[in-house]
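Numbering of residues begins at 1 and proceeds along the displayed sequence.
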Amino acid sequence: MNDFPGAPTTPREGTRLRVLAAMSGGVDSAVAAARAAEAGHDVTGVHLALSANPKSFRTGARGCCTIEDSHDARRAADVIGIPFYVWDLAERFREDVVEDFVAEYAAGRTPNPCLRCNEKIKFAALLDKALALGFDAVCTGHYATVVERPDGGRELHRASDEAKDQSYVLGVLDERQLAHAMFPLGDTLTTKDEIRAEAGRRGLAVAKKPDSHDICFIADGDTQGFLAKRLGTAEGDIVDEDGNRLGGHQGAYGYTIGQRKGLRLGVPAPDGKPRYVLDISPVNNTVTVGPQEALDVTGLTAIRPRWCGAPPTGPAVYTAQLRAHGGETEVWAEPAEGADGAPELRVTFTEPVRGVAPGQAVVLYDGTRVVGSATIATTERRHAPATAES
C-alpha cells in the first residue's frame with residue numbers, strides 16, 4: 001500500500017484510514033485527496049461553504065469560496081472516484097474568522113485570517129465533526145509534514161520544499177489535532193508546475209486553475225474598503241513621534257505597522273526620507289509615523305500560546321517566523337505568566353527586526369520542527385540613535 005510520512009495510524013484495516021479530504025476547489029487540495037485515495041485510504045471529499053452569499057465572494061484566480069470553486073471540487077472528487085459533500089460552516093466562519101478580523105483591526109491590531117481559519121474552522125469545527133462521524137483524519141493540501149515520534153506523539157515540521165512551506169499558518173495546531181491531520185503534499189520536492197502536471201495526468205480539470213490569493217472573504221481585495229463598510233469612517237490625525245500633526249486619515253484601521261505607501265502627508269520629513277507607520281492608537285484614532293529605523297523591534301510579548309506538542313519548560317534559543325512568507329530570525333524565547341495569570345510567551349530577538357505588528361502570529365521553530373505559535377500583544381523597540389554632534 002502506498003503511503004506518505006506522518007499519516008495517522010489506526011487499528012482499522014491495518015493502515016487503511018477513513019479520511020475526510022477538505023477540497024477547496026483548487027489544485028493542491030485535489031491532488032492531496034487523490035494521493036490519499038491512491039494510498040489506499042477510504043477518502044470522502046468535502047467542500048466547506050463559508051459564505052452565506054457565495055456569489056459575493058471573488059471568483060477565478062483570486063478566490064476559494066465561490067460556487068464555482070464548489071463545482072470544481074465536486075468535479076475533482078468525481079474524477080478521483082470518492083464521495084463528495086458540501087458542508088455549511090458559513091455561520092461559524094463569520095463568527096470565528098470574519099468578525100474576529102474586523103474586531104482586531106478596530107483594536108489597532110493586524111490579524112492573520114488564514115491562521116485563524118485553520119485553527120477555528122479546518123482543524124476545530126471540521127475536525128471535530130469528522131471525528132464525530134467516525135473519520136480518522138482530515139486531509140488538506142497544505143505544504144507541511146507531520147512526523148511521528150518514537151513515543152507515538154506527533155510533530156509538525158516544515159515542508160520538504162521550504163519554498164512552498166505553509167507550516168506558519170498551521171502553527172496553531174495542538175498535538176491532538178496533529179494526530180488526525182494528513183498533509184500528502186508536505187514531503188513533495190516538486191515545483192508547483194509539477195503538481196499541476198500531476199493533476200493533469202490524473203485528469204483533474206483544476207490542473208490549470210490559478211492559485212487563490214489575498215483574503216477569501218474580501219470580494220474585491222480592497223481590505224480598507226471592506227473595513228470601512230463595517231466600521232465606518234472616522235477622521236483622525238497622522239502625527240510624528242513628537243505629536244505634531246502631519247496629515248489626516250479616514251480611519252486608523254486602514255493602516256498597518258511598517259506601512260510606507262498611501263500616507264498622503266502634506267509635510268515632508270526634515271531629512272527628506274520616507275516615513276513609516278510606527279503606531280496605531282484606536283483610543284484617540286491617531287496614526288503615528290516616523291523614520292524606518294524607529295521600526296526596529298528588539299523583543300515582544302505574545303498571548304494565547306498554542307503548542308504543537310508539549311510546551312517548553314524554560315527559556316531556549318529558537319528561530320521565529322513573523323509572517324506567512326517571511327524568513328526566520330534567531331530568538332531567545334520562554335513561556336511566562338501574564339499579570340492576569342494567563343500564559344504568555346516572551347521573545348527577545350538576537351538582531352532587531354522591523355514591521356512587527358500586534359495581532360500577528362509569532363511561530364517558533366526548532367530546526368524544521370514547529371514548536372508553537374502565539375499572538376503578538378506588545379513589542380519593545382530600540383529607539384533611533386541620536387544624531388552625532390559635529
Side-chain angles (χ1 to χ4, degrees), residues 100-101 103-116 118-120 156 167-174 241 252-253 255-259 276-284 286-290 292-324 326-366 369-384:
D100 174 80
F101 178 85
E104 286 293 283
Y105 267 102
R109 297 185 287 266
T110 306
N112 185 315
C114 294
L115 192 144
R116 183 53 62 94
N118 285 328
E119 176 188 358
K120 297 292 187 179
L156 178 65
S167 61
Y168 173 86
V169 295
L170 297 170
V172 291
L173 305 186
D174 60 29
E241 294 175 279
Y253 55 76
Y255 298 82
T256 57
I257 301 296
Q259 178 178 335
Y276 298 78
V277 174
L278 305 180
D279 186 56
I280 302 163
S281 175
V283 176
N284 57 13
T286 297
V287 175
T288 302
V289 298
Q292 186 178 38
E293 57 267 26
L295 288 169
D296 284 353
V297 170
T298 57
L300 61 83
T301 298
I303 57 176
R304 298 191 297 274
R306 289 180 62 86
W307 305 109
C308 301
T313 57
V317 175
Y318 303 98
T319 57
Q321 188 170 330
L322 298 165
R323 54 186 62 85
E328 292 180 82
T329 184
E330 187 177 79
V331 299
W332 179 265
E334 63 178 322
E337 186 176 287
D340 59 356
E344 292 183 346
L345 178 67
R346 307 273 171 79
V347 175
T348 301
F349 296 98
T350 302
E351 296 290 338
V353 296
R354 290 176 176 172
V356 182
Q360 293 176 326
V362 53
V363 178
L364 298 182
Y365 292 83
D366 180 6
R369 179 176 69 89
V370 182
V371 178
S373 71
T375 302
I376 299 170
T378 59
T379 60
E380 300 168 15
R381 289 189 184 160
R382 183 178 68 181
H383 295 294

Show your reasoning for whether salt bridge (Lys or Arg N to Asp or Glu O under 4.0 Å) applies to Asp174 and Arg306.
CA-CA 7 Å; Asp174 60 29; Arg306 289 180 62 86; 3.8 Å; yes

Test side-chain contact (heavy atoms from CB on, under 4.5 Å) applied to Val370 and Tyr168, step by step:
CA-CA 8 Å; Val370 182; Tyr168 173 86; over 6 Å; no

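Val356 and Ile257 get closest at one heavy-atom pair: O-CG2, 3.6 Å. Scanning both residues, Gly171 and Ser373, for their nearest heavy atoms gives O-OG, 3.1 Å.
At least one side-chain heavy atom of Val353 sits less than 4.5 Å from a side-chain heavy atom of Leu322. Put simply, the side chain of Val347 reaches to within 4.5 Å of the side chain of Leu345, judged on heavy atoms. Contact of the Glu330 side chain with the Val317 side chain is registered, since non-hydrogen atoms from C-beta on lie closer than 4.5 Å. Under the 4.5 Å side-chain criterion, counting only non-hydrogen atoms from C-beta, Ile280 is not in contact with Tyr253. Tyr365 is listed as a side-chain neighbour of Ser167, based on a closest heavy-atom distance under 4.5 Å. Side-chain contact check for Leu278 versus Val289: every heavy-atom pair is 4.5 Å or farther apart. You'll find the side chain of Thr288 stays beyond 4.5 Å of the side chain of Tyr276, heavy atoms only. The closest side-chain heavy-atom distance from Asp366 to Thr319 is not below 4.5 Å.
The backbone N or O of Thr256 lies less than 3.5 Å from a partner atom in the side chain of Gln259, making a donor-acceptor pair.
One finds the CD atom of Gln360 at 5.0 Å from the CD1 atom of Ile376 (value rounded to the nearest 0.5 Å).
Taking a cutoff of 4.0 Å between a charged side-chain nitrogen and a carboxylate oxygen, Arg354 and Glu293 do not qualify as a salt bridge.
For the side-chain hydrogen bond (donor to acceptor under 3.5 Å, both in side chains) test, no residue two or more places apart in sequence or in another chain qualifies with Arg323. Every residue two or more places apart in sequence or in another chain that forms a side chain to side chain contact (heavy atoms under 4.5 Å, CB included) with Pro343 is listed here: Pro305.
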